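Just below is one structure, and these are the notes that go with it.
Treat the numbers as computed from the prediction; the structure is a model and nothing was measured. Naming convention: chains lettered A, B, ... in sequence-line order (proteins, then strands); numbering from 1 in each chain. Any value given below was found using the heavy atoms of this structure, including those in side chains, with hydrogens, waters and symmetry copies removed.
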Protein chains: 2
Amino acid sequence: MSTLTLELRTRIENTIRCLTVDAVEAAGCGHPGAPMGLARPVLELWHSHLRFDPQDPQWPLRDRFVLSAGHASMLLYSLLHLFGYELSLDEIRQFRQLHSKTPGHPEFGETVGVEVTTGPLGQGFAHGVGMALGGQLTRARFGRDGNGPGYHYIYGVVSDGDLMEGVSYEAASLAGHLKLGNLIYLYDSNQVTIDGTTELSFSENVPQRFEAQGWHVQQVEGEDFQALHDALKQARENTNQPSLIVVTTMIGKGSPKYEGKPDAHGKAFGTEEANKTKERLGWPADQDFYIPEDVKSYLAETIDRKITERKTLDQKLESWKSSHPALDLAWKEARNPPPIENLRAILTEGMEGKADATRKHGAAVMAKVAEQYPFMVGGSADLAGSAAPALLKNTSAVGIAAEGDGERFGGRNLFFGVREHAMGAITNGINLDGTFLGYCGTFLTFSDYMRPSVRLAALMKVRTVFVFTHDSIFLGEDGPTHQPIEHVDALRSIPGLTVFRPADGVETALAWEWVLTQAQGPVAFILTRQKVAAFQRSENFDNSLIHKGAYIVQDPSEGNSDLILLGSGSEVPLLTDSAALLEQQGYKVRVVSIPSLELFLNQPEAYRNEVIPPNHPLVVGVEAGRAESLRIVMGANSLIYGINRFGASAPWKMLAEEFGYTPSKLTEWVLSHLKKA
Amino acid sequence: MSTLTLELRTRIENTIRCLTVDAVEAAGCGHPGAPMGLARPVLELWHSHLRFDPQDPQWPLRDRFVLSAGHASMLLYSLLHLFGYELSLDEIRQFRQLHSKTPGHPEFGETVGVEVTTGPLGQGFAHGVGMALGGQLTRARFGRDGNGPGYHYIYGVVSDGDLMEGVSYEAASLAGHLKLGNLIYLYDSNQVTIDGTTELSFSENVPQRFEAQGWHVQQVEGEDFQALHDALKQARENTNQPSLIVVTTMIGKGSPKYEGKPDAHGKAFGTEEANKTKERLGWPADQDFYIPEDVKSYLAETIDRKITERKTLDQKLESWKSSHPALDLAWKEARNPPPIENLRAILTEGMEGKADATRKHGAAVMAKVAEQYPFMVGGSADLAGSAAPALLKNTSAVGIAAEGDGERFGGRNLFFGVREHAMGAITNGINLDGTFLGYCGTFLTFSDYMRPSVRLAALMKVRTVFVFTHDSIFLGEDGPTHQPIEHVDALRSIPGLTVFRPADGVETALAWEWVLTQAQGPVAFILTRQKVAAFQRSENFDNSLIHKGAYIVQDPSEGNSDLILLGSGSEVPLLTDSAALLEQQGYKVRVVSIPSLELFLNQPEAYRNEVIPPNHPLVVGVEAGRAESLRIVMGANSLIYGINRFGASAPWKMLAEEFGYTPSKLTEWVLSHLKKA
């Protein structure tokens, strides 16, 4: 094994710097400053601390690396390439180009070795907290004798921008509260943001802030790799606190012109400065994407060493497996749950014809799911008493259950505190690990607080279940601040998010069945606070139709319908009641329930046209909210019966009158339009 | 003047407690715990510190009171009633009822004396920071000799829930950075949240946290009103730091059963416990909404005292006015800006036929507006270099310009840091004051981070201008995390928010003219990063039509159109180019620009039908985003040409090809549909 001399170390760092400069230069844009400033500390981390196997990026015992400062993507791409991951130099040459594996910000699923999509500031920080929590949950269940899975660390790099975002404080607060000793972040303290120096807007005492939140804080000079080495060791040894290591760096290090300046942050240097940088770093100016041979050969040895280290750990894992066959099986099954026989029957049992708030249907179905899936974990943002993700029974609260590390994470109920944004990110982080099915919930109106995390779940195709209750003005007296109007439409607009707004217990059960058997990304449940009447589906109704997203609840006893009433959730019984009134007036009415617009849009045209014939005389879309998104499937002759103003504070039945959500009000309105037409 | 004995003080506090219990009991729901626990400290604040005149709630020199813990609304309603505001006991009897002035959470504009809508946690905290900043900006301009306006304080009550929300950390960080010495918050530390005690999820060292953010922190026992008195005095005297006073309270104080328990938080006690509470407090159990005569008569004196104090301050103000007539006039004009002659001509000058990024049009128009409106202030979330709200010229950065209190707030450029959520709330807070026109901006994709604040602006009808740039996949290489897809639709779904997506400099200018002359609520600008080609409107085009939200850009030279191409922003030149191609194929095409869907929806049906005839053969809606919201105005025969997947990292022209936003791709697609139809 060769020795890593200071000279060689510096050459590897300069390789990262020059690859970055070249890639940004080739793209004509990008963020060279942070990779250049971070080259030394992050090389130290990857070289001497981070546990990984580039040939098996999914190795479950690997440490996870989170680049929260996602704009520094070239740092990560350089490291992935240099440390032998499947990311060729050609891909790096294609930095920020269409269909390359080197997009502007690191994207989970696009590039091998990228553990989480980052870029929107603060998100990586909070997702990493979830990944650390996932590790602790794993360890508590499987690794409790010191071997077995879950003993990896989550390392990350966070920037000034990350630390200014509210989501990072929320996540840090919970990480400190839960004493996540397996979380270690390097804070890239370079005193520079896009607009200038941090003096313009950021003067916190960062160490004191993190100490106040229960973190272990150390400070090192970024160039002092030995100090960082020691700090990382201490951070790992402190198993009872998450760690922040403040690393003082110089943005753009190596560039004669931009070093230490805000201009280093986010633009290509231009040929002249790129060449001057290479010259200063002792690099050949005439070679792009140059990697010295000694760097290559040394890193080849390093990769071998990493793989050898892996084998040692795998041997321990094998011995754990043979001494804990039941745990080993459970761990396998958590990661690849076997199909559950009669799942649908189990979930729908007792749900037919039952009047209740759909949040209560939700809680009832979730209790069944939790029984079937012992590795389902989750909770709410301080609303366990009223939101649908009620506390799971026969399990405890994560973090405070009892003394001792294992016990603290043996429970399944998460108390996120009033931290919706971090809750979403942390739940995504738990799910990224692949061992647990994490869910989280709050009132629908507060989905606004966590949209950036919901969006990232969709972008990463992570199966996080978001449970949003109190789904309309009918939450009542809490008034307009708490009454969602636009939120269902706003969630439906996020690509890749499947939204369910079930109308009764059966739809709720089938939606959960879909989550467990078919979902390839995040799902949002939209559930009522108020009790919803039971309604009858047509005779011999096949529950599978619910998975088609929309279906015919009832049709006129004979002949074609004059109009279709289409709606979801609490409005479906309103539609069946209104249909009865309209039929008394001689109109023939079809009622369609649409629990999931997205699933319906995915159906073949034939089915869609069967449910909503394209040239049907009249289709009325009804939801107690904006409801405009229903137009997508309604065809030519459509009317929306929705709400486009804010709600009001009052008992919900008064609001139903006030906003026209009673059978008589809706019928009257429909009749007035039928007469016009 | 009578003396406030301990006994009398306690009786006033118990009046607040029993009014709360009765109101919650009458409503059958509500949040009694916090008002009962806070009665003593907040009475001390209102009685002996807060400067106000109940007969003139808009008195500009008043202190502002922010109940960030908005669920404690009965605390505020009780105080407003007891201190002589126009809020009758009958209104309190109607707590949480339809059309009452006592909604579940305090709502700005609904109830006299409510300074800001609160309830969504953390928002009051952050809005209060904006109100304090508004005060400092006022003081720096007008009150610099110690008299004049802007010397009031912002007092607030914040709860555990507020302090867990990320937005409170963001706002606190900026408040500390800006040294807002006129901001004083009482932290209601009752150790209880909805789910149980704060042990479940919140174990920060709150004093240390606020010290780390530059705040002056004191701690008092809630029952020790003398200590609070002193702490408030010290907080006021510390003019160089915002103040947090940690006040230890007992939730539900007075209730034998619920005192100190999570159950006190959010439900009616029931008749039995309500009666027992009254009994314990020495209150007649048979009287609801009881206010003892001695309480009434003492408070009548107090109100007189407050009004007398006001008169003294008004005299000082008068003397300031006479010695500073120019400042007085400027202050008046800031609050009631006189119409600007030729505003439209000024704003549109040089904008016609100019190809540029619409963010640059935005910056150019804003520079003109800033010249006309010296009290326009704002900034961005660390994107001054690239977002549209570029730095205003000939003015300085707020907070760091120079030494000395006045100078620090004499500038107009705000550096919010990477804190989008707080930025929205703080800008609303500045605007609530009524002196300044506050704007703020970031990339459109990050509008997700600040939705709760945008929504509150809409709910409060506050004229905050949100400038969102980089409005589509065409921001290019930063990739899908940074490329908005759903955001325009999601913003359009918020009731009361007017969204402008201008296509060129003229539309941008007219949109700003509308903001300055007609807006009654918040406005969002949606602007491109990339350069947009100039396009020609029809001859003799009347620019006023832009205020109608949509208008005909061009029509076929003769005959009726076969199809209408409808779109906004960067897609309008795409539509005119595609129209030319389609006309070569023999189709007659109308092109409609729709800079504001909301304004168009507000037009009389006749105009709407003129622009988009209801049974037109085909209307194609085109936006480089979800675009589904356009359906609302498109009529029966409509097709959407939008994007319902995430974007990609690549140069924008590559993305235009990839996603089909070129004249030839769009034309091809339209032709394929024309052939089908």
Side-chain angles (χ1 to χ4, degrees), chain A residues 29 96-98 103-105 119-121 161 164-167 169-170 173 177 193-195 200-205 208-209 212-213 382 384-385 415 417-419 421 448-449 451-452 459 477-481 485-486 489-490 493-495 626 628 631-632 636 644-646 648-650 654 658, chain B residues 27 29 96-98 103-105 119-121 161 164-167 169-170 173 177 193-195 200-205 208-209 212-213 382 384-385 415 417-419 421 448-449 451-452 459 477-481 485-486 489-490 493-495 626 628 631-632 636 644-646 648-650 654:
Chain A
C29 60
R96 297 182 145 236
Q97 302 308 305
L98 196 61
H105 293 82
L121 289 170
M164 284 194 256
E165 291 285 5
V167 68
Y169 298 85
E170 291 181 5
S173 183
H177 179 80
T193 69
I194 299 178
D195 280 353
L200 281 170
S201 57
F202 193 52
S203 50
E204 286 181 2
N205 183 330
Q208 191 183 2
R209 155 185 164 180
Q213 295 191 314
D382 197 37
F415 289 84
V418 192
R419 304 182 182 101
H421 197 170
D448 275 355
Y449 278 75
R451 266 180 88 84
L459 185 53
E477 290 89 342
D478 275 340
T481 50
I485 299 291
E486 69 275 25
D489 273 15
S493 71
I494 299 176
R626 201 79 166 84
E628 293 292 349
R631 284 187 198 271
I632 304 177
N644 61 6
R645 56 179 167 127
F646 288 106
S649 171
M654 297 288 293
E658 176 78 5
Chain B
C29 61
R96 296 181 146 238
Q97 302 308 302
L98 196 61
H105 293 82
L121 289 169
M164 284 194 256
E165 291 285 5
V167 67
Y169 298 84
E170 291 181 3
S173 184
H177 179 81
T193 68
I194 298 177
D195 280 353
L200 281 169
S201 56
F202 192 53
S203 50
E204 287 181 2
N205 183 329
Q208 191 183 3
R209 155 187 166 179
Q213 293 190 315
D382 196 37
F415 289 83
V418 192
R419 303 182 181 101
H421 197 171
D448 274 355
Y449 278 74
R451 265 180 89 82
L459 185 53
E477 290 90 343
D478 275 340
T481 51
I485 299 291
E486 69 274 26
D489 273 15
S493 71
I494 299 177
R626 203 77 166 83
E628 292 292 347
R631 284 187 198 270
I632 304 176
N644 61 5
R645 56 178 167 129
F646 289 106
S649 172
M654 296 288 292

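- A:Leu98 contributes atom CG, which lies 5.0 Å from atom CE of B:Met654 (distance to the nearest 0.5 angstrom).
- With chain B as partner, the option from A:Glu658, A:Arg645, A:Glu165, A:His421 having the largest number of non-hydrogen pairs under 4.5 angstrom is A:Glu165.
- The shortest heavy-atom contact between A:Asn644 and B:Pro495 is O-CB, 3.7 Å.
- A:Tyr169 is linked by a ring-ring contact (aromatic ring centres under 6.0 Å, His included) to B:Tyr169, counting only residues two or more places apart in sequence or in another chain.
- Residue A:His177 holds its NE2 atom at 6.0 Å from OG of B:Ser201, rounded to the nearest 0.5 Å.
- Remark: A:Ser493 OG to B:Arg626 CZ distance equals 6.5 Å, nearest 0.5 Å.
- Counting heavy-atom pairs under 4.5 Å between each of A:Asp489, A:Leu459, A:Asn205 and chain B puts A:Leu459 at the top.
- Here A:His105 is the residue among A:Glu170, A:Glu204, A:His105 with the most heavy-atom pairs under 4.5 Å with chain B.
- Side chain of B:Tyr449 to main chain of A:Leu121: a donor-acceptor pair is present (N/O by atom type, distance under 3.5 Å, no hydrogens or angles).
- Pairing each heavy atom of B:Ser649 with each of A:Gly104, the nearest pair is OG-N, 2.9 Å.
- In this structure, the separation between CD on A:Gln213 and OG on B:Ser203 is 9.5 Å, given to the nearest 0.5 Å.
- A:Glu628 contributes atom CD, which lies 11.5 Å from atom CD of B:Glu628 (distance to the nearest 0.5 angstrom).
- Here A:Arg451 contributes atom CZ and B:Glu486 contributes atom CD; the two are 6.0 Å apart, rounded to the nearest 0.5 Å.
- Per-residue heavy-atom pair counts under 4.5 Å with chain B were compared for A:Gly479, A:Pro452, A:Gly119, A:Pro103, and the maximum is reached by A:Pro452.
- Listed by chain and number, the residues in a side chain to side chain donor-acceptor pair (under 3.5 Å) with A:Asp478 are B:Arg96 (sequence neighbours excluded).
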**OP:** Could you walk me through whether B:Arg209 and A:Ser173 pass the side-chain contact (heavy atoms from CB on, under 4.5 Å) test, one step at a time?
**Re:** CA-CA 10 Å; B:Arg209 155 187 166 179; A:Ser173 183; over 6 Å; no
